[in-house]
Number of protein chains: 2
Amino acid sequence: MNPVLVEVLRGAQVESVHRGSVAVFDGDGKPVWEVGATARPVFPRSAVKAIQALPFVESGAADAYGFGQRELALACASHSGEPAHAELAAAMLEKAGLDGGALECGAHWPTNHAATVALARSGASPSALHNNCSGKHSGFLCTCRHAGLDHHGYVKAGHALQEMVRGALEEVTEAAHGEDNRGTDGCSIPTYAVPLRNLARAFARMATGHGLGPQRARAAKRLLSVCMAEAFLVSGTDRADKALMSAAPGRVFVKTGAEGVYCAALPELGLGIALKCDDGAGRAAEAMIAAVLARLVAPSDQSLAARLGGLANPVLKNWNGIEVAGLSPTAALA
Amino acid sequence: MNPVLVEVLRGAQVESVHRGSVAVFDGDGKPVWEVGATARPVFPRSAVKAIQALPFVESGAADAYGFGQRELALACASHSGEPAHAELAAAMLEKAGLDGGALECGAHWPTNHAATVALARSGASPSALHNNCSGKHSGFLCTCRHAGLDHHGYVKAGHALQEMVRGALEEVTEAAHGEDNRGTDGCSIPTYAVPLRNLARAFARMATGHGLGPQRARAAKRLLSVCMAEAFLVSGTDRADKALMSAAPGRVFVKTGAEGVYCAALPELGLGIALKCDDGAGRAAEAMIAAVLARLVAPSDQSLAARLGGLANPVLKNWNGIEVAGLSPTAALA
């Protein structure tokens, strides 16, 4: 039974509660802090996009197409479908001689509300370029083209591209990725449930390079680096990931995943973090990761801890802008 | 510790879980079925709109303005802001010599996505008429006008209108409504946390009239009746409340509230129901209420139970329309 990690308070009353588990590991694979059932498998969903992007870098595709940190960051993104995101995905595909029609992630309206309203006002409809995963899929397609693979069906388990991705996930997480623990993600690629502690260890390895070969270690550090430098492209306007990474430029990497998952890394401290909100709530996972980061950096940087503490205790306003409720991490995270 | 009532399954794995509590009472105030901590106070939020609408009927305002079942249903609604909803709210206000400018609920884009896109495409912006609570607030304003009350500040605790509403809530739920258990709702009116079992008893009384005076009993039955007859106006396109009430016309009343609350009544069986999903998830509360209703009607109507069973086990599709996950009630609700 995982403990309550976040409470939702309205007036003086607890209105709702969110349970969860947290794992923090160092680059040597040793546990630093664990809360709840961290051996339980969870689907990391989009929280492992930086690992899924390793073949894009390691294959030489990213460099061959002349991509810089913006394109690499977008390949690790769950973006909000704002114009800058959709345009950059289109530009990446063009370099590989493709267009949005090659994307197999499906189309949806931008998750950013202002972008949806603007798109509707323009008379246009959303395309797969607005899909929050279009950057990752553009990276997949560029990797296919560079490697001379037929890109059709690149989302399917068993396709050579997905085998490259699965290989990277298996090595970095040190967990089996097979049919038994496979599900299908929102963007149609496979997602594999692995123990939460393996995800934390994986991001400690991504941050430190420990346990990875030299080429993979370089690619991993480069990907975390570009995400921290281009936090907007990895997420979007008013997104938690942007706020968290902007709170400490170059020192905090975070990546959200659907159903209340976060993976994160603190390169300076050589730590990897993974957490899962039991009920899948993004609002709670955001407060949890902010509270966990604040706790880990507090001894060395109280000013940063205070900024993160603000993100861990968001206020909920109603349609008249009145503060009516708020989220608050419990003592289990303090 | 409330039990897990709904699981989210992806592939063969449980991805997320939702805990909760359920209370079912009869018109004599006797418990019929209780799961979890039903004595714990919960904010019912919009789930008690039919009780909050009692003064609108009892004061004679609804009849004085010539309102039929459509207007009464809208006064109990958490609607999706579709054109029919916004237009009917405007028409109600016009009857009382007011317009949307008198609403104090705040403006927001329609919760129905197609309505948001259409509104944006028309070049317009949302008004308070699109607020999901505009029908309730129109009922409040009509009650003020009919009773000769200054309507300004009608959302505030202590305003004569809110005192009428508070009085109705106190009598029907048999629970104190005061400063100690008061919070502010999304539409700026007070909301009071009361034990879940009191909410279940309250809806058994609304359905049967037991324990209420003759005038209140008539108003209560009339309000539940109009909601069941006008399920679209109470909710909207593709909404769970519409689907649940349409599954058994005139036999099932349900009303959702924010943060995972449902209140419901089965007039034929003389039962009232209240449930709360611990973490506030609407998706889980919808599956829970469908499962609870299916269980209660199963002995007398297996065909209806089967239809409700389908609503209790919704499938989640991704952006390519592929079934990737599903919600499933646990044995605790079977």
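By convention in this document, chain letters (A, B, ...) are assigned in the order of the sequence lines, proteins followed by strands, and residues within each chain are numbered from 1.
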Inset, instruction - Pick whichever of Gly183(B), Gly280(B), Gly186(B) has the most heavy-atom pairs under 4.5 Å with chain A. - result: Gly186(B)

Inset, instruction - Could you list the residues that satisfy side-chain contact (heavy atoms from CB on, under 4.5 Å) with Glu179(B), not counting sequence neighbours? - result: Arg182(B)

Inset, instruction - Could you have a look at Asp185(B), Val8(B), Val42(B) and say which one has the most heavy-atom pairs with chain A under 4.5 angstrom? - result: Asp185(B)

Inset, instruction - Could you tell me which residues in residues 98-106 of chain B have at least one non-hydrogen atom under 4.5 Å from a non-hydrogen atom of chain A, sorted by residue number? - result: Glu104(B), Cys105(B), Gly106(B)

Inset, instruction - May I ask you to name which of Asn318(A), Asp279(A), Val324(A) has the most heavy-atom pairs under 4.5 Å with chain B? - result: Asp279(A)

Inset, instruction - Taking atom NE2 of His152(B) as the centre, report whether more than 12 heavy atoms of other residues, nucleotides or ligands fall under 6.0 Å from it. - result: no

Inset, instruction - Output the option from Glu7(A), Arg283(A), Arg45(A), Arg19(A) having the highest count of non-hydrogen pairs under 4.5 Å with chain B. - result: Arg45(A)

Legend entry - Which of Ala12(B), Gly11(B), Ser188(B), Gly321(B) touches chain A most, by non-hydrogen pairs under 4.5 Å: Ser188(B)

Inset, instruction - Under 4.5 Å heavy-atom distance to chain B, tell me which part of Ala193(A) shows up: side chain, backbone, both or neither. - result: side chain

Inset, instruction - Sort Lys276(A) into side chain, backbone, both or neither according to what part of it lies under 4.5 angstrom from a heavy atom of chain B. - result: side chain

Legend entry - Spatial distance of atom CZ (Phe43(A)) from atom CD (Gln13(B)) [nearest 0.5 Å]: 5.0 Å

Inset, instruction - Flag the one option from Lys317(B), Glu323(B), His18(B), Met1(B) with the top tally of heavy-atom pairs under 4.5 Å to chain A. - result: Met1(B)

Legend entry - Region of Val17(A) that comes under 4.5 Å of a non-hydrogen atom in chain B: both

Inset, instruction - Measure Arg40(A) against the heavy atoms of chain B and call it side chain, backbone, both or neither at under 4.5 Å. - result: neither

Inset, instruction - May I ask you to say whether Glu259(A) pairs ionically with Arg10(B), meaning some side-chain N is under 4.0 Å from a carboxylate O? - result: no

Legend entry - Residues from residues 126-139 of chain B approaching chain A under 4.5 Å (heavy atoms): Asn131(B)

Inset, instruction - Could you list which of residues 115-125 of chain A have a heavy atom closer than 4.5 Å to any heavy atom of chain B, in residue-number order? - result: Thr116(A), Val117(A), Ala120(A), Arg121(A), Gly123(A), Ala124(A), Ser125(A)

